[in-house]
S.K.: 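One structure follows; several queries about it will come next.
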Amino acid sequence: MSRKLDYPSAADDALVKAAQKADMQAFEELVARHRDKIYARAVSMMRNEEEAADLSQEAWVKAWQRLKQFQGEASFVTWMTRIIINLCLDQLRKQKRLRAESIEQLDEELGGVERQMPVVTPNPTERMERGELRQRIDEALGKLSCEHRTVLILHEFEELEYKEIAKRMQCSIGTVMSRLFYARRKIAALLAGWKREEFR
Amino acid sequence: MKKIVPFGGISLATVVLFFVYSCLVRSGSTDLALQAQLVWGTNNDKPDDPKLKEVDAKVTERLRTALKWKNYFEVNRQNFIVRAGTPKKVKMSDHCEIEVENFGNSSIEVKLYGKGKMVVKKTQKIKPGELLIFAGDDKNDTAWFVVLSQSEK
Amino acid sequence: MINHETELKLQAYLDGELSPGEAKAVEDLTNRDADAWALFEELKLTKSLLAENELEVRLPESRGFYWSKIQRQIEREEKEQASEQTEAAASSWWLRFLAPAAALVALAVLVVVALRAPKGAETLVALDDSHEIETPLEETSSFSFQSEAAGMTVVWVDSHRE
């Protein structure tokens, strides 16, 4: 006789195995555990809470439908995060917020403002609470172009390698490197600017 | 023997009084005093119609725990009594109407009508302090709600 | 001034994307070139600030409500998929037996139409195990969820009209 799964205390792996056998209660527990993280990733990429809520819901539906394909190479939450990232990227492409590589390259070859910026020290931590710093960083991310923000999120928050980012964003590794560089410089400038304001 | 007659009269009166009282109590307990509010949920700080008032803070707090909208404004409020076996229709707006039937023991059936057509019917108990809410999406990521509760005595 | 290729090399060094040989060359550069070192420090600080400070965001919906929406969508899509499969199976059958089936199907359609007509739109849809709920209109459906903490039951009415 099989033992009944204690959902709240069960590990993700056990819940995934149960959900793969069509146990919806196990899947509900997984949703409850990771829904904030998945939603947060969608919010950071889309910069719109409504769209993020819809896409994260869609991600969970897709996850249920593809659950049998999940072999456990990565953790369940990593697998889920990949689903939401791909959905967000598709949506951004549909909305044409994610530009084609050729236009982007042209823009960057001409040299953006970031290219001309002097080196700055973006260390505002001394005078800021952690919550405020997070808020400032989020505001700075909101000021970046969609391409720059996406590449930063994928690299800094999701810790994807250049090659993997290039595959997901459908561009070359060179473009990823270039975008990442300009995105970092712009963020540095924004944070340093705020720091200057603080000292005024 | 003489004493038996008045005692019998008192007994009879007591029985009659008890019967009348129990009838009154029964009819009182099956009448259900309800409140229905038509509410508009939005993330905007102010309603499109400045005449709308904010929903009571306690109810707003409860709505916020389960629903995503930040602010809730009351469009209309109706207090009414539903007698057992006599369905009551209450108009909430030009297009929205509810019909409530009281099955006794706080059990009700609510029919929601939109533009004269029945949209949904729900049967369940509504205990004092509980809310039964009908809801749906509206334009520009807002939502409408019909919030039913037992009227506070 | 550092050229763009070198800037990207500095960054790739920071991100651990260089071969050991290239990494050594960049390391030497930062040791002898103050501009390169300053830029490398800026990139490093930015990277660490971002990595540790992502804004925490919470989904503004209760567990029960959020799950009921997901469950409902799963059920709806499964239903649609099942009907698509039925249609696909029916169409292949049609291809093989098109001529003799045509008359039969026409007859069946007539019978179905005749039987359905008087019933109107009074279609019952059971959507909730614990409570009785009905949505008689074809263009709408509903689902309900309960929040015990907030002491409320919400009946969400979905309109399928786009």
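Chain letters run A, B, ... following the sequence lines, proteins first and then strands; every chain starts at 1.
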S.K.: Between Glu139(A) and Lys143(A), is there a salt bridge with N-O shorter than 4.0 Å?
M.R.: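 No, Lys143(A) and Glu139(A) are not salt-bridged.
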S.K.: Non-hydrogen atoms of chain A under 4.5 Å away: do they reach the side chain of Ser68(C), the backbone, both or neither?
M.R.: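 Neither the backbone nor the side chain of Ser68(C) comes within 4.5 Å of chain A.
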S.K.: Considering only heavy atoms, give the residues of residues 15-24 of chain A separated from chain C by less than 4.5 Å, sorted numerically, with 'none' for an empty result.
M.R.: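 Residues Met24(A) are the ones that qualify, each having a heavy atom under 4.5 Å from chain C.
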S.K.: Under a 4.0 Å threshold between the charged nitrogen and the carboxylate oxygen, would Glu52(C) count as salt-bridged to Arg134(A)?
M.R.: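 The answer is no: the pair does not qualify as a salt bridge.
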S.K.: Does NZ or CZ of Lys44(C) come closer than 6.0 Å to the centre of the six-membered ring of Phe40(C), within 45° of the ring's axis?
M.R.: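 No.
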S.K.: Looking at chain A, which one of Asp35(C), Leu50(C), Leu8(C), Asp15(C) has the largest number of heavy-atom pairs inside 4.5 Å, strictly under?
M.R.: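 Option with the top pair count is Asp15(C).
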S.K.: Is any side-chain N of the basic residue among Lys24(C) and Asp28(C) closer than 4.0 Å to the acidic one's carboxylate O?
M.R.: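 Looking at Asp28(C) together with Lys24(C), the answer is yes, because their closest N to O distance falls below 4.0 Å.
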S.K.: Evaluate the ring planes of Phe181(A) and His4(C), with Trp represented by its six-membered ring, and classify them as parallel (under 30°), tilted (30 to 60°) or perpendicular (over 60°).
M.R.: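 Ring orientation, 0 to 90° scale: perpendicular.
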S.K.: Does a salt bridge link Lys79(C) with Glu75(C), judged by any charged N lying under 4.0 Å from a carboxylate O?
M.R.: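 No, this pair does not count.
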S.K.: Would you call Glu7(C) and Arg185(A) a salt bridge, taking side-chain N to carboxylate O under 4.0 Å as the test?
M.R.: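 Answer for the salt bridge query: no.
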S.K.: Below 4.5 Å, heavy-atom pairs only: which of Gln71(C), Gln81(C), Lys47(C), Glu77(C) has the largest tally toward chain A?
M.R.: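 Going by pairs under 4.5 Å, I would pick Lys47(C).
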S.K.: What part of Glu17(C) is in contact with chain A, defined as an atom under 4.5 angstrom from a non-hydrogen atom: side chain, backbone, both or neither?
M.R.: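 For Glu17(C), the side chain is the part near chain A, not the backbone.
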S.K.: Which residues from residues 72-95 of chain A are near chain C, with near meaning under 4.5 Å between non-hydrogen atoms?
M.R.: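 Near chain C, by residue number: none.
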S.K.: Count the heavy atoms belonging to other residues, nucleotides or ligands that lie under 6.0 Å from CD of Glu49(A), then report whether that count exceeds 12.
M.R.: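 Not more than 12 within 6.0 Å, no.
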